[in-house]
Amino acid sequence: MKKKHLFTLLPLLALSLFITACGSAVTAGSWPGISFDETRGLVYVANNQFVHAIQIENGLETWQFPAEPKGAFTTYAAPQLTEDGQLIIGGYDNTLYSVNPENGLQNWTFPGAGNRFIASPLPVADQIFAPNADHRMYILGPQGNLVKTFSTQDPQWGQPASDGSTVYLASMDHFLYAIDAQSGEETWSLDLDSTIVGSPALGADGRLYVGTLDHTLFAVDTQSHREAWRLPTQGWVWATPLVVDGQLFVGDLDGIFYGVDAASGDELWRVDTGGAITGTAALFNDSLYIGNEAGQLFSISLDGRSREVPLPEAYQGLYYATPVVAGDLLLLGLTNNESIVIALDNENAVVWNFVP
Amino acid sequence: MFDFIIIPFTNALVFIYSLLGENFGLAIIVFTILVRVVTYPFNAQQMKSARAMQELQTNPKYKAMQEKYKGKENREKLAQEQMKLYQEMGINPLAGCLPTIIQIPLLISMYWAITRALAATPLQLLDLAKGISLDNAANLVPLNSHFLWMDLGQPERLFIPGIPIGIPVLALLVMVTSYFQSKMMTPTTGSNDQAAGMGRMMSLYIPILMAYISYIYAAGLALYFVTSNILSIAQYYISKRPKPQTPAALGAKAQGAK
């Protein structure tokens, strides 16, 4: 190619790269999704092009799926184990994967979805309920065979909740759906008047707790199918609430973390963490642990006394991911750090970190 | 980096979307028209400069100069003489570059505003949540990304029964309109002027590059390109039309003839 042509082409190519690189500091699609397999002592971390299986005792990798980067495959939703020992992974390549958790080898795939699997799938008995951004929840058999689809008006980004007989699905179309786990048919639905992005939490009291982008936290009675109460929040509520002993704990995108009485919906206390909260708090050492977008980790007592947990500078990052309790360790997912997960002990010391 | 432009762009897009019956394609088209109106003075300047450069190609003095300083050994002298002529005729050869430079941050911001507004991934939705200041935004999300046969958040392809591959209609339209737009801005007659040569190369490469960007990125960006190019072509031809003579001007002309 002539030199003058090269001088024209190179700046143009640089421009096209520049277009896609300038808008956001974070270029990934989401944040790490973490789950813990107590039986095998493995932590599964879905992050970008791989799912990593990491040994809980030392943070060393046992396998990764896929073994080599695979086309358009990226994944962020926490992988889920089925009763018969399959690890189910939702991909941004519109495909659901079943993997052997012992060795990371693929069992089967379901490539029939029309968009990304942003939410984690939910195994219930011998079926897999996999919500998708194409407005459908795919209900699959144990070998990945499509049993049924459940359609809504808008994308489904939240993992469903279930009591074993009913599956509760929140959709961005403002509705909360109750679906019979056997037949896959809708039993009832409730319009919450605003977009629901996150997952509902099912309390032992038979209520569903879910937040909406319209600055509201809802409690819905699954027996009467009616709203039990609603609590205004300061910011959009994306995170799934945590229910502990009749109390509800949830954060919003304005960085406010709330303690709420689950029976009445009364706000008991609030803590301003100073950064958007997208994850669900973890109960660890009798305290609630929650991170935020500002890169701060907080330990909050059940009565609302908070303190920031100092972490070494090497592990500073954005804490979008839901922390996961794994035995006597707390696992934290990091964004914008070379480590994608760190394990803290009871003293909040970093026991291990995992760099892919 | 360009959040100070991306955030207002995103808000404007979502606001227009809410006014236009939640049609994101129409919102992009209307928004592009608004952007063209705001940047009209810069675009007019660019067109004026392009036209002056085109007229220069037929100027006898310019042609004689080209002939006189032929050959590689005279290149420097030719450049000096050309600069003098530009000054004499009041042409700024770089005037056409400024609007192009202004287009770059607009282009980047538009790409990100569309991506954020459609929020196809959690981090994009988080970006949208942080930047959006419309009261009813929570009820508009997720935005309806469908327009005609397109999903504006995905690269566009038209699937026709019987044809095994999707046709990138928008990318082709972008290429054609970009080509016409570039041709308008490029001196037409042969010239060994280095700037003109560079211009001719740009008129070849820019349409290909724009088509490639449209082929691989969200269809919303391609829709912005097509709308912007069509408006630019229309603006060029409207401004090129001879202005109707006012009676006063005609009178002055008649007096001058006496």
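Convention: sequence-line order gives letters A, B, ...; per-chain numbering from 1. For clarity, every value in this text was computed on a predicted model and none was experimentally measured.
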Chain B contact via A:T212 - side chain, backbone, both or neither, heavy atoms under 4.5 Å: neither
Heavy atoms from other residues, nucleotides or ligands near CZ of A:F73 exceed 12 (cutoff 6.0 Å): yes
Under 4.5 Å from a heavy atom of chain A, the part of B:A218 involved: neither
Contact class of A:D173 relative to chain B, heavy atoms under 4.5 angstrom: neither
B:D135, CG: over 12 other non-hydrogen atoms inside 6.0 angstrom: no
Verdict with supporting geometry, B:I132 and A:W236, side chain to side chain contact (heavy atoms under 4.5 Å, CB included): CA-CA 12 Å; B:I132 202 88; A:W236 293 10; 3.9 Å; yes
Inter-residue atom distance B:N139.CG - A:L213.CG, 0.5 Å rounding: 8.5 Å
Over 12 foreign heavy atoms within 6.0 Å of CD, B:Q80: yes
CD1/B:I160: more than 12 non-hydrogen atoms of other groups inside 6.0 Å: yes
Candidate pair A:L253 and B:L126, rule side chain to side chain contact (heavy atoms under 4.5 Å, CB included), full reasoning: CA-CA 8 Å; A:L253 293 191; B:L126 207 52; 3.8 Å; yes
Distance, nearest 0.5 Å, that separates CG of B:L123 from OH of A:Y320: 5.5 Å
Interatomic distance, A:D254 atom CG to B:K130 atom NZ [nearest 0.5 angstrom]: 12.0 Å
Contact leader toward chain A among B:P142, B:A113, B:P122, where contacts are heavy-atom pairs under 4.5 Å: B:P122
Over 12 foreign heavy atoms within 6.0 Å of OH, B:Y179: no
Part of A:H215 lying under 4.5 Å from any heavy atom of chain B: neither
